[in-house]
Amino acid sequence: MPDEAQPTTKSMDDIMALCKRRGFIYQASEIYGGVNGFWDYGPLGAQLKKNLRDAWWTDVVMKGCNGKPGPDGNPVSIVPLDSSIIQNPKVWEASGHVGGFNDPMVDDKETKQRFRADHLIGVYVSIPFESVEQFQVLQEAGQNIASPEVNVVPDKTIVANSSHEAVELLTDRKLQKLLGIRSFQPFANDTNGMVLGRIDAGSGERICEFRSIPAQTLELHASSVPSPFTGKAGSLTTPRAFNLMFKTVLGATGNAEDNTAYLRPETAQGIFINFKNVVDTTRVSVPFGIAQTGKAFRNEVTPRNFTFRSREFEQMEIEFFCHPDDSKGWYTFWRDWRMQWWQDLGLKGDNLILREHDSDELAHYAKEGAGTADIEYMFPFTAPGYGELEGIADRTNFDLKQHAEHSKTKLDYFDNTRGELAKNGQPKGERYLPHVIEPSAGLDRGVLALICEAFTPDENRPSGVYMKFHPRIAPIKAAVFPLVKKDGMPEIAEPLYNELRNRFGHLGTIEYDVKQSIGKRYARMDEAGCPFCFTIDSDTLTDNTVTVRHRDTLDQERIAIDRVADFLANKLGV
RNA sequence: GCGGGUGUAGCUCAAUGGUAGAGCGUCAGCCUUCCAAGCUGAAUGUUGAGAGUUCGAGUCUCUUCACCCGCUCCA
């Protein structure tokens, strides 16, 4: 538990007011009344966001996880990519984003599976089974054994195209076990058009009927319909039409029917569809990763919580390709390293957690016991809960397989370091579809987390609050102030300012301000989160030293003016 | 999507149905010798938007937009 003065005391209203006041984040189209789900970054916010993106780019891509060896002991290899926001619409069919575009979909909240509502087949268990004869007698008497009326909830459910397919699927032992079915046998023939079987779902053998579930049943009783993935009720949502992708039309005169395209809902697919290109042209070899940052768009039903859930957002994604046997090791590696990375940027303590998804029951479609973990931050609006910053998922070979099938392109990787040894002592090589570990981070969420974390109320200072940004991501890196605008102080300060700007300007803003009282200037830097202020005073005139004012401690120290740049370089870690 | 709340200057907020204001911030000048000091002055609003009631609307009514909170949701 938090010891004291933890973020629960931070007010989101105060944070948002500061974001506006200091130019971090504005509402998009504000002068027109805004637009739901979109935000603009102001001067400080834009630089903050760039600094976070750059930190990720540098540490992940350029330095390969900052030089930390992978689980195989070798350096981690990552190459960059910048794929287009608009792709061939077939990409989104293959990825499953377009599937059931106009069809109501149901989600299983527990397993995160989504399926078409009309593909949910109900298994209606009815009278105890004693003999086929007894059943036939009932049949001939015209008695309905089970009736999928609106108010009747099926005992089990299966996702299938038809009742007949559902029967076939249910003959699978694994599925039976998953759904808590002890035994199942289909009837050889349909009876009066009914699809039947004998089933033991825990209360002895009974007759069951397979039927589509009426849409109304799902509408009215979603919470009591059992999940087709776990057999347990309570995790299904009501059917909803999903239109999460933004549509657009290609060509100025194109007609919408034939030329519909979509703004990407995630950057990941751009990487998968370029896997072959990268492998063919850049001398990479598995294991390696492809990384990119970029905007993605989702037409969220309910944008909420400041920038946390926006309709336009920026992702920082890595798709790391490895041999299927190595996926577990790489998953663990990425999960832990990504957590460490956020911590190193200042998200520490109880505010940041690593939450591993419970996936024991997903074994039948998430092979190899694929893992998923979230790195989550306790935002003021989620406290005492957490909101996701980054997800690390073992996607197996799902995506490459999908794209290989839909594009009819071979996406296998030929690994000539594996396979049996040939006579000459060289491995014969192995052809396989790599598995993928995906660390996918939200840049806007990262920025928001850094802002929330940095926001530090302090009654003892004039600003009442200061932004405790890690120097590396602070939008303003340093400020140069002549104590007063006379006695030759500006003449000394200006060259120092120019020196710092030339050397550090690519990392962020260097501020120079001669106006108004020094206290006011310090206060402004507190709210902007500038970590260091260098002040030229009368002593500078005689001994060539300046005051360094530390944002977090308010401490002051004197250093030689010609050491200022090195001092700052050291603090910024460059 | 449902329910509740809030929209007045950059921020925080006033204004009985009767002239739209204050503090802070911002800007300019003076002053200044290390934490929003002081003095002088200035700019800033279709009161979220649109309709209606009224002699007259920031205020009452309706519609709409945005944001916040709670549900819902978030492949």
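Values in this document were obtained by computation on a predicted structure and should not be read as measured data. Here is the naming used below: chain letters follow the sequence lines, and residue numbers restart at 1 for every chain.
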| request: Would you please classify the geometry between the A/Y512 ring and the A/Y497 ring as parallel, tilted or perpendicular, with 30° and 60° separating the classes? | output: parallel
| task | Take atom C1' in B/rG17 and the same atom in B/rC73, then report the distance between them in whole Å. | result | 43 Å
| said: Let me confirm one number: the CG-OG1 distance from A/L443 to A/T293, rounded to the nearest 0.5 Å. | reply: 7.5 Å
| Within this structure, what is the CG-to-C1' distance between A/D458 and B/rA36, rounded to whole angstrom? | 14 Å
| To the nearest Å, how far apart are A/N460 CG and B/rA36 P? | 12 Å
| message | Name the residue from A/L179, A/L236, A/I121 that meets the side chain to side chain contact (heavy atoms under 4.5 Å, CB included) definition with A/P228. | response | A/L236
| query | Say you draw a straight line from OG1 of A/T372 to CD of A/E356; how long is it, rounded to the nearest 0.5 Å? | reply | 8.0 Å
| query | A/I15 CD1 to B/rC68 C1': how many Å, rounded? | reply | 14 Å
| Over how many whole Å does the gap from A/E266 atom CD to B/rA75 atom C1' extend? | 9 Å
| Rounded to the Å, how far apart are A/K515 NZ and B/rA37 P? | 16 Å
| message | Test your reading of the model: is there a side-chain donor-acceptor pair from A/T553 to the backbone of A/D555, 3.5 Å cut-off? | response | yes
| task | Would you please indicate yes or no on a ring centroid separation below 6.0 angstrom for A/H550 and A/F532? | result | yes
| Atom pair distance, as rounded to whole Å: CZ in A/F381 and P in B/rG70 | 11 Å
| Can a donor-acceptor pair under 3.5 Å be found between the side-chain atoms of A/Y522 and the base atoms of B/rC34? | yes
| Distance, C1' atom - from B/rU64 to B/rU6, rounded to whole angstrom | 16 Å
| query | What integer number of Å spans the P atoms of B/rG5 and B/rU63? | reply | 14 Å
| field | Residue among A/K468, A/R549, A/K520 satisfying salt bridge (Lys or Arg N to Asp or Glu O under 4.0 Å) with A/D526 | value | A/R549
| field | Secondary-structure notation, RNA chain B, from Watson-Crick and G-U pairs under 3.5 angstrom (| other strand) | value | (((((((..((((....[..)))).(((((.......))))).....(((((..]....))))))))))))....
| query | Just checking A/F306: base, sugar-phosphate only, or nothing, at a heavy-atom cut-off of under 4.0 Å? | reply | sugar-phosphate
| field | Atom C1', compared across B/rU44 and B/rC30: separation rounded to whole Å | value | 24 Å
| What distance, rounded to whole Å, do you find between the two P atoms, one in B/rG48 and one in B/rU12? | 14 Å
| query | Could you state the interatomic distance from CD (A/E405) to NE2 (A/H403), rounded to the nearest 0.5 Å? | reply | 11.0 Å
| C1' atoms of B/rA49 and B/rC67, separation to the nearest Å | 15 Å
| field | A/K10 side chain vs A/C452 backbone, donor-acceptor pair below 3.5 Å | value | yes
| query | What is the distance, rounded to the nearest whole Å, between atom CZ of A/F534 and atom C1' of B/rC34? | reply | 15 Å
| message | I'd like to know if A/D566 and A/K571 make a salt bridge, using a cut-off of under 4.0 Å between side-chain N and carboxylate O. | response | no
| said: Any base atoms under 4.0 Å from A/M12, or only sugar-phosphate, or nothing? Heavy atoms, all strands. | reply: nothing
| request: Assess whether side chain to side chain donor-acceptor pair (under 3.5 Å) is satisfied between A/S463 and A/E527, documenting all intermediate values. | output: CA-CA 7 Å; A/S463 55; A/E527 279 204 327; 5.5 Å; no
| message | By the salt bridge (charged side-chain N to carboxylate O under 4.0 Å, His left out) test, which pairs, at least two apart or in different chains, include something from residues 294-304 of chain A? | response | A/K295-A/E312
| Taking atom C1' of B/rC27 as reference, at what distance in whole Å does atom CG of A/D513 sit? | 12 Å
Under 3.5 Å, which protein N or O atoms sit close to an N or O of nucleotides 3-14 of chain B? Give each pair with its distance.
{"residue": "B/rG10", "atom": "O3'", "partner": "A/K20", "partner atom": "NZ", "Å": "3.3"}
{"residue": "B/rC11", "atom": "OP1", "partner": "A/K20", "partner atom": "NZ", "Å": "3.0"}

| When you compare B/rG45 with B/rG52, how far apart are their P atoms, in angstrom units rounded to a whole number? | 25 Å
| request: Side chain of A/R298 only, please: which of B/rA75, B/rC34, B/rU72 is the nearest? | output: B/rA75
| field | 5' precedence on RNA chain B between A/E300 and A/Q27 (nearest-nucleotide basis) | value | A/Q27
| When we call it a touch if two heavy atoms are under 4.0 Å apart, what does A/G37 touch: a base, just sugar-phosphate, or nothing? | sugar-phosphate
| query | Is A/K520 near enough to B/rC34 that one of its side-chain N or O atoms lies under 4.0 angstrom from OP1 or OP2? | reply | no
| task | Determine, using ring centers only, whether A/F246 and A/Y262 are less than 6.0 Å apart. | result | no
Distances for protein N/O vs nucleotides 30-32 of chain B N/O pairs under 3.5 angstrom?
{"residue": "B/rU32", "atom": "OP2", "partner": "A/K486", "partner atom": "NZ", "Å": "3.1"}

| task | Specify the residue among A/M489 and A/R311 whose closest nucleotide of RNA chain B lies further upstream toward the 5′ end. | result | A/M489
| A/S327 side chain vs A/P324 backbone, donor-acceptor pair below 3.5 Å | yes
| task | Would you please indicate yes or no on a ring centroid separation below 6.0 angstrom for A/F381 and A/F306? | result | no
| query | Within 45° of the ring axis of A/F297 and under 6.0 Å from its six-membered ring centre, is that where the NZ or CZ of A/R264 lies? | reply | no
| query | Given B/rC69, is OP1 or OP2 found less than 4.0 Å from the side-chain N or O atoms of A/N305? | reply | yes
Give each protein N/O atom lying under 3.5 Å from an N/O atom of nucleotides 40-44 of chain B, with the pair distance.
none

| said: A cation-pi test, strictly: NZ or CZ of A/R445 under 6.0 Å from the centre of the six-membered ring of A/F308 and no more than 45 degrees from its axis. Yes or no? | reply: yes
| query | With respect to the phosphate group of B/rC67, does any side-chain polar atom (N or O) of A/N36 fall under 4.0 Å of OP1 or OP2? | reply | yes
| task | Output yes when a side-chain donor or acceptor of A/E319 lies under 3.5 Å from a complementary backbone atom of A/I290, and no otherwise. | result | no
| field | Ring centre gap for A/F320 and A/W334 strictly below 6.0 Å | value | yes
| request: Check each residue of residues 537-556 of chain A for a non-hydrogen atom within less than 4.0 Å of any atom in RNA chain B, then write out the ones that pass by number, or none. | output: A/D537, A/S538, A/T547, A/R549, A/L554, A/Q556
| Touch class at under 4.0 angstrom, heavy-atom based, for A/Y32 against every strand present | nothing
| request: Determine the Euclidean distance between corresponding P atoms of B/rU8 and B/rA15; express it in Å to zero decimal places. | output: 14 Å
